[in-house]
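Notes for the one structure printed next.
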There are 2 protein chains.
Amino acid sequence: MSQRLQEPSFLILSSLAGGAKHGYGIIKEVQELSAGAVSMKVGTLYGALDRLAAEHLIEVDREEIVDSRLRRYYRLSADGAVLLSTEATRINTQANVALRRLRVAGMHP
Amino acid sequence: MSQRLQEPSFLILSSLAGGAKHGYGIIKEVQELSAGAVSMKVGTLYGALDRLAAEHLIEVDREEIVDSRLRRYYRLSADGAVLLSTEATRINTQANVALRRLRVAGMHP
DNA sequence: AAGTATATATCGGCGGCCAGAGTATGTCCA
DNA sequence: TGGACATACTCTGGCCGCCGATATATACTT
């Protein structure tokens, strides 16, 4: 049953763990956090947002109109927090295993 | 240009960072490492092995016949080690960001 | 004789991401 | 004043990589 998240979905949940945000705000944050390295595509984002909401991992927090433009804010749900927690722990372990092995093999600084 | 790896591919590279292995051996190791939680599908494995080899991230190490059964061993290439290293570092950071945020939000033990 | 473990090959299907275009409003600057 | 750029969401076609299943073959166990 254990759900698996791909990177973009993981990053969305992670972004929302820092507080409710609207779509465009998530894109900006992901870009900043990765120092411009990762640019999430709009198609990916809004598609993922719909899917995550359908799975009750995120919820619509509120909607605002700013300068005649809609902002739909999402927040992390309780289920989403649990999933993000278990997933983050899991991939953290996996990353550490990889780094340790590379070090032992002399392939990592 | 920065290549992205999905989990199964990442796990294969990680497994090979621990030494050359053959396909079935990789499946067994991944299963053991995750305490039976993750079972890599054979279709996924051999497909990924072919792709990774085509991208020169892994190489055929040697082939053996054991009990009339072929064993094709793969090893991590230099390129593969570099990629695994950068990827592991990157996702490690991402996982830590997520865990820190959950902790701050009081959503993580 | 049947089931389990070892070992690889192959193939249809599909979910999720990519890439791009579309719609709209407001700001900055030349 | 008009062109570029930022903000903000929508939609669609395509494709890549994983899933699930089946196939083949040998050896060991029950």
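So you know, we letter chains A, B, ... as the sequences are listed, proteins then strands, and number each from 1. Predicted model, so just to flag it, every value in this text is computed and none were measured.
- Considering only residues two or more places apart in sequence or on other chains, A:Glu64 meets the salt bridge (Lys or Arg N to Asp or Glu O under 4.0 Å) condition with A:Arg62.
- Nucleotides of DNA chain D that come within less than 4.0 Å of any heavy atom of chain B span, from the 5' end to the 3' end, D:dG17 to D:dA27.
- Between atom CG of residue B:Leu76 and atom CD1 of residue B:Ile58 there is a gap of 8.5 Å, rounded to the nearest 0.5 Å.
- Scanning for ring-ring contact (aromatic ring centres under 6.0 Å, His included) contacts around A:Tyr24 gives an empty result, with sequence neighbours left out.
- Applying the side-chain hydrogen bond (donor to acceptor under 3.5 Å, both in side chains) rule to B:Gln31 yields no partners; only residues at least two apart in sequence or on another chain are considered.
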With a 3.5 Å cut-off and sequence neighbours excluded, list the donor-acceptor pairs that the side chains of residues 42-53 of chain B form with protein atoms.
none

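- Ion pairing between A:Arg101 and B:Glu29 holds under the 4.0 Å rule for side-chain N and carboxylate O.
- Contacts of residues 65-76 of chain B with DNA chain C (heavy atom under 4.0 Å): B:Arg69, B:Leu70, B:Arg71, B:Arg72.
- At its two ends the helix from C:dA1-D:dT30 to C:dA30-D:dT1 runs along axes set 10° apart, each axis drawn from five pairs and the angle rounded to 10°.
- Considering only residues two or more places apart in sequence or on other chains, A:Asp61 meets the side-chain hydrogen bond (donor to acceptor under 3.5 Å, both in side chains) condition with A:Arg75.
- Scanning residues 21-33 of chain A for heavy-atom distances under 4.0 Å to DNA chain D yields A:His22, A:Gly23, A:Tyr24, A:Lys28.
- A:Arg90 meets the salt bridge (Lys or Arg N to Asp or Glu O under 4.0 Å) test with A:Glu87, B:Glu7; sequence neighbours excluded.
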Protein proximity profile, nucleotides 12-17 of chain C - base contact B, sugar-phosphate-only contact S, no contact -, cut-off 4.0 Å on heavy atoms: ----SS
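- Under the side-chain hydrogen bond (donor to acceptor under 3.5 Å, both in side chains) criterion, A:Glu55 pairs with A:Gln3, not counting sequence neighbours.
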